[in-house]
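Everything on this sheet refers to the single structure shown next.
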Amino acid sequence: NAGVTQTPKFQVLKTGQSMTLQCAQDMNHNSMYWYRQDPGMGLRLIYYSASEGTTDKGEVPNGYNVSRLNKREFSLRLESAAPSQTSVYFCASSLTGIGYEQYFGPGTRLTVT
Amino acid sequence: GQQLNQSPQSMFIQEGEDVSMNCTSSSIFNTWLWYKQDPGEGPVLLIALYKAGELTSNGRLTAQFGITRKDSFLNISASIPSDVGIYFCAGNSGNTPLVFGKGTRLSVIA
């Protein structure tokens with residue numbers, strides 16, 4: 001089992017460019033999440049998908065969109081990147097329910113210049 | 001919204017010492033989780049707690065779900081260099097997404 005995988009590992013964008021961060025899990029988990037991590041801020045929830053076919057906003061959704069492509073895959077899209085979106089992005093998944101044990105991917109380090 | 005206060009923010013300890021850190025919430029929680037993050041990696045789940053008063057161990061790590069349901073504690077006994085990292089607490093009440101603390105950065109001096 002690979003667990004939760006994320007691509008790419010690193011990315012540099014110019015302001016205004018768009019990109020999609022990919023996440024996949026092979027644990028047959030129902031719920032998936034996208035977080036951003038900034039120094040001193042801990043982990044902040046961007047969007048989550050409690051089950052296939054549903055998505056909901058988290059604490060910091062502005063400037064992002066998500067797609068739950070199927071049970072395995074949950075992508076995060078930046079339509080017009082801004083320097084404030086420079087961060088480390090983590091995808092996570094949990095088996096049942098959105099308040100239970102979450103398992104994280106290795107992260108994508110994004111820099112917007 | 002729910003808020004978590006995690007303390008201390010950072011700590012420097014000698015190898016072999018015991019470590020204690022804690023989290024408090026502004027509301028009653030049903031779940032407390034503890035994670036560790038190594039540099040350049042994603043957080044890894046250490047311990048999950050689901051019942052008030054519950055005490056759970058994982059090797060040298062012990063965590064407790066506070067009896068008031070508003071706090072949780074993590075203890076590390078006989079620290080070693082590989083314990084270095086950032087420890088996060090997380091929790092929630094009801095069917096809501098987890099809330100994460102801002103982390104405790106642990107440094108171990110050999």
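Within every chain, numbering begins at 1; the chains are lettered A, B, ... in the order of the sequence lines, protein sequences first and strands thereafter. Side-chain atoms are counted along with the backbone in the values below, which use heavy atoms only and exclude waters and symmetry mates.
In this structure, CG on B:Leu98 lies 11.0 Å from OH on A:Tyr48, to the nearest 0.5 angstrom. Taking NZ of B:Lys102 as the reference point, atom CD of A:Gln37 lies at 12.5 Å (rounded to 0.5 Å). Summarising the geometry, atom OH belonging to A:Tyr100 is positioned 7.5 Å from atom CG belonging to B:Asn30; distances are rounded to the nearest 0.5 Å.
Residues A:Leu110 and A:Tyr64 share a hydrophobic cluster, clusters being chains of Ile/Leu/Val/Met/Phe/Trp/Tyr side chains in contact below 4.5 Å. Criterion: ILVMFWY side-chain heavy atoms under 4.5 Å apart, direct or through other members. Under it, A:Leu45 and A:Leu78 are not part of a common hydrophobic cluster. Linking Ile, Leu, Val, Met, Phe, Trp and Tyr whenever their side-chain heavy atoms come within less than 4.5 Å puts B:Ile13 and B:Val84 in one cluster. If you chain together hydrophobic residues whose side chains sit under 4.5 Å apart, A:Val4 and A:Leu21 never meet in one group. A single hydrophobic cluster is not seen to contain both A:Met19 and A:Tyr35; linkage of ILVMFWY side chains at heavy-atom distances under 4.5 Å, directly or through other members, places them apart.
The local environment of NZ in A:Lys71 is crowded, with over 12 non-hydrogen atoms from other residues, nucleotides or ligands closer than 6.0 Å. Applying the 6.0 Å contact sphere to CZ of B:Arg105 captures no more than 12 heavy atoms from other residues, nucleotides or ligands. Counted within 6.0 Å of NZ on A:Lys9, heavy atoms from surrounding residues, nucleotides or ligands total more than 12; the atom is thus considered enclosed.
Ring geometry for A:Phe104 versus B:Phe100: interplanar angle over 60°, hence perpendicular rather than tilted (30 to 60°).
Note on B:Gln9, B:Gln6, B:Gln37: by heavy-atom pairs under 4.5 Å with chain A, the leading option is B:Gln37. For the options B:Leu33, B:Ile86, B:Val44, heavy-atom pairs under 4.5 Å to chain A are most numerous at B:Leu33. Contacts with chain A were tallied for B:Ala90, B:Gly103, B:Gly101, B:Pro43; B:Pro43 has the most, counting heavy-atom pairs under 4.5 Å.
Annotation: side chain of B:Glu41 is not in contact with side chain of A:Phe90 (no heavy-atom distance under 4.5 Å).
A donor-acceptor pair is defined here as one N or O able to donate and one able to accept, closer than 3.5 Å; such a pair exists between the side chain of B:Tyr35 and the backbone of A:Gln102.
Heavy atoms closer than 4.5 Å to chain B are found in both the backbone and the side chain of A:Leu43. With a threshold of 4.5 angstrom between heavy atoms, A:Arg109 approaches chain B through side-chain atoms but not through N, CA, C or O. Neither the backbone nor the side chain of A:Tyr33 comes within contact range of chain B; no heavy atoms are under 4.5 Å apart.
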